[in-house]
Amino acid sequence: DMMAAGLVYRKAAVVNWDPVDMTVLANEQVIDGRGWRSNALVERRELTQWFFRISDYSGELLEALDRLTNWPEKVRVMQANWIGKSRGLQFSFTTHDAPAGFDRLEVYTTRPDTLMGASFAAISPDHPLAKHLERHDPAIAAFVAECRRGGTSAEAMETAEKLGLDTGVRVLHPFDNSWTLPVYIANFVLMDFGTGAIFGCPAHDQRDFEFATRYALPILPVFVAEGGEETALTEAYVPMKSEPVRYLRGFAGAEVQTGEQAVAAAITACEAHGVGQGVTNYRLRDWGISRQRYWGCPIPVVHCDACGIVPENKENLPVELPYDVTLDIPGNPLDRHPTWRNCLCPKCGAPARRETDTMDTFMDSSWYYARFTAPHAKTPTDLAEAAYWMNVDQYIGGIEHAILHLLYSRFFARAMNATGHLPASAIEPFNALFTQGMVTHEIYKTTDHNGRPVYHLPEEILRSDTGATLKDGTKVDVIPSAKMSKSKKNVVDPMNIIGAFGADTARWFVMSDSPPERDVEWTASGAEATFKHLSRVWALSSRIGEMPADHAGLGDDDLARATARAIHEVTRGIETFAFNKAIAALYGFTNTLSRANASTGPMKEAIRTLVKLMSPMTPHLAEEIWTHQGGAGLCATAPWPLADAALLVDDSVTLPIQINGKRRAEINVPRDMAASEIEKIALANEDVVKFLAGQPVRKIIVVPGRIINVVV
RNA sequence: GCGGGUGUGGCGGAAUGGUAGACGCGACAGACUCAAAAUCUGUUUUCGCAAGAAGUGUCGGUUCGAGUCCGACCACCCGUACCA
């Protein structure tokens, strides 16, 4: 369906290729020791791959971010930056001394206002012109090959020198046909952005500046700081686009104007003179979904000599992977599996071959929520069910999915709408997003005789204040807390925690310590402390259970107030995802209850409320005590308690008294006492009189129910 | 470099512009015990015997009042990158 909707295409693209990928992946030890993989293993290769046209939706995906008001600002900003909208000019140079078929060179720039500072043009090593030239010129072929070998890691890119090679081709300046610029192949120009070709303005781009300096190209300033004069530059002058500057070599707009004004004026002027047109460009690239891996869903197309690329018939879907494969030799196992690979063309019936690329696993996570609305349907979704159940009210996930998964899902929902699988109301699949933190732990590392790192599980470690050792006394390096990961062995198996303390303890502890959007450090002592607390609750329940039915105590009223407050605070905490605050309120209420000496009825009522409030965190203990205290049915199905609003407000309040902003005394007054009355009491207060020491009061501020500030 | 975030006790962390440090951990003291563990009761921001003083990364500002708002800076964390 997506092919029919024109959302899928195939193209040759340069990708990072790890020639030993297949072999290393067969050996878990090597995959896991991620640090072992050196970038030298990765090379850049051109492969024909499958793509989704997510870039067709760049503008739409960007604009719709504003409507996701229940998403964190952070995630929306990350997506906006990732989509990366820019406004600029696309135009073509007329070439000179270029091979046949290359009489124009198309470039894109966001700074057309600097055209008069142009000193060279540069193309990507992957640009069609570069590819043409490399076939005829060994020096160019060698240089292009060198560029492709370059490291692809962040560090390699950052430290890479700006390298270029003059192609001998020249272009004419669009405003002056007697002005020619050399065309270089440059290693820093990317084929994937814009047109894969640029013009260089060294005076106002640091990258171009370095390049021009290296190859002795002219550096011609187009503008100077407002009030400044033209001087020789030691680095590129790149002020904010919102800053006004004075143009020495402008061609449109005022002499003094901001970069933004100049860019707009330059686009208008260029369009008027037939030099290119203003275009909006996006950084977002199409989504490459091809993987040369065994796992992943096969891409359901067939290659037929007669018919070309043909989608597999719907009745034959899904195309399933073969099980009899070997992973211990390099290469794609699907490629060398003839009985799976060979098939018949769905269109003409002639012998044909299956596509051996599999799909990126992000494919599956991009629409599972939609499938969940009709899990048994014979079609991918059922429109009526999808219309009923969509959207997801609250999505919870790690921040690591801020860009890829969450952007792909937004695209996929739109694509599924285009193919008739989702209603238009579901194009933004997640109404609200919450990004939770991770559970972290220290990492324990030793080194083997080959100098390779060996990691150890927390339960193999003896920890002391001074350091850590293995049980045999070997000293262990302790690396500060990091996301739990099997490869680093800094994991605590949930089964061990549950075995030692029970599931309730595990749940309570993980929620109690930190707000959920932050990481939480797993500590053994924290889990033990939780276990002790839950044991205290159980002991308290036993004590209350044994109270005589006719016990008459004191403070029934206070207990009712404390109960109302606990209901209020715990409920608010849970509703705002502030589980740590909800649990703090539960600790407080438990302490109050264990100290209370109220009558039997109110005590039993209070502990039933306590366990109901605890039940989301500790369901097992809650049910046990619920039954024990005579609760009807299941605690989990009993109605959530409601706080009596009248009990939430106290009759009297304690007001601190500040003198010049420093707390000096406090008074207790009826809640609804008039401000003028409070003033009198405050000024008569013994401590206040002492601190004032007879100084005249200049001003007195009474904030009812809050504070009193006396200014002298 | 760019974008985002975070800085509060020994630690995790609370505080609609209104008593900074709730709650928990840890530590210390006491009770119980022949003893220890467990349990219970206290204390626990720093300096000070106290009265008191200082204190939320740094410097400034707004305000009767700032952890909170504004400006500049510092440190750390996350993301991302030769984007023309």
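The shown structure was predicted, so the numbers you read here are calculated from the model rather than taken from an experiment.
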* Give a yes/no answer on whether the side chain of A:Arg207 brings an N or O atom under 4.0 Å of OP1 or OP2 in B:G1. => no

* Asked: Between A:Val77 and A:Lys532, which has a closest nucleotide on RNA chain B that is more 5'?
  -> A:Val77

* Assign A:Phe691 to base, sugar-phosphate, or nothing according to its heavy-atom contacts below 4.0 angstrom with the strands shown. => sugar-phosphate

* Can you see which heavy atom on A:Gly259 is nearest to which on A:Asp113, and at what distance? => O-OD2, 4.5 Å

* To do: Could you check whether A:Val189 gets within reach of a base, just the sugar-phosphate, or nothing at all, counting any heavy atom under 4.0 Å?
  => base

* Do A:Arg664 side-chain atoms and A:Ile657 backbone N/O form a donor-acceptor pair below 3.5 Å? -> no

* Asked: Can the ring centres of A:Phe211 and A:Tyr184 be said to be less than 6.0 Å apart?
  -> yes

* Separation between the C1' atoms of B:A38 and B:C49, rounded to whole Å -> 37 Å

* With P as the reference atom in both, quote the distance from B:G10 to B:U6 in angstrom, rounded to an integer. => 23 Å

* For atom C1', what is the distance between B:A31 and B:A36, given to the nearest Å? -> 15 Å

* Structure fact -> Scanning all shown strands, the Watson-Crick or wobble mate of B:C49 with both distances under 3.5 Å is none

* So, A:Tyr395 versus A:Ser409: side-chain donor-acceptor pair below 3.5 Å or not? -> no

* To do: Tell me the partner of B:U39, counting only Watson-Crick (N1-N3 plus N6-O4 or O6-N4) or G-U wobble (N1-O2 and O6-N3) with both under 3.5 Å; none if nothing fits.
  => B:A31

* Under 4.0 Å protein heavy-atom contact, by nucleotide of nucleotides 12-25 of chain B - B base, S sugar-phosphate only -> SSSSB-BB--BSSS

* A:Gln79 CD to B:U80 C1', straight-line distance once rounded to whole Å -> 14 Å

* B:A50 and B:U46: how far apart are their P atoms, nearest whole angstrom? -> 13 Å

* **Under 3.5 Å side-chain donor-acceptor pair for A:Gln277 and A:Gln90** => no

* Mapping A:Ser86 and A:Glu528 to their closest nucleotides on RNA chain B, which lands nearer the 5' end? -> A:Glu528

* To do: Tell which nucleotide pairs with B:G24, taking only Watson-Crick or G-U wobble pairs whose two distances are both under 3.5 angstrom.
  => B:C11

* Asked: Looking at the rings of A:His173 and A:Phe199, which for Trp means the six-membered one, are their centres under 6.0 Å apart?
  -> no

* **Identified pairing partner of B:G1, criterion: Watson-Crick or G-U wobble below 3.5 Å** => B:U80

* OP1 or OP2 of B:G65 under 4.0 Å from side-chain N/O of A:Lys699 -> no

* To do: Could you work out the separation of B:G60 and B:C74 based on their C1' atoms and round it to a whole Å?
  => 15 Å

* Quick one: is A:Arg111 getting a side-chain N or O under 4.0 Å of the B:C83 phosphate, OP1 or OP2? -> no

* **G-U wobble or Watson-Crick pairing nucleotide for B:A72 (cut-off 3.5 Å, both distances)** => B:U58

* Looking only at atom C1', what distance separates B:C59 and B:G7, rounded to whole Å? -> 16 Å

* **Rounded distance in Å between the C1' positions of B:G18 and B:A27** => 33 Å

* Asked: Centroid-to-centroid, A:Phe120 to A:Tyr215, below 6.0 Å?
  -> no

* To do: With heavy atoms under 4.0 Å as the rule, sort A:Arg285 into base, sugar-phosphate or nothing.
  => base

* Asked: Which whole number of Å gives the distance between the C1' atom of B:A20 and that of B:U16?
  -> 16 Å

* Structure fact -> Here the pair of heavy atoms bringing A:Leu683 nearest to A:Leu692 is CD2-CD1, 4.4 Å

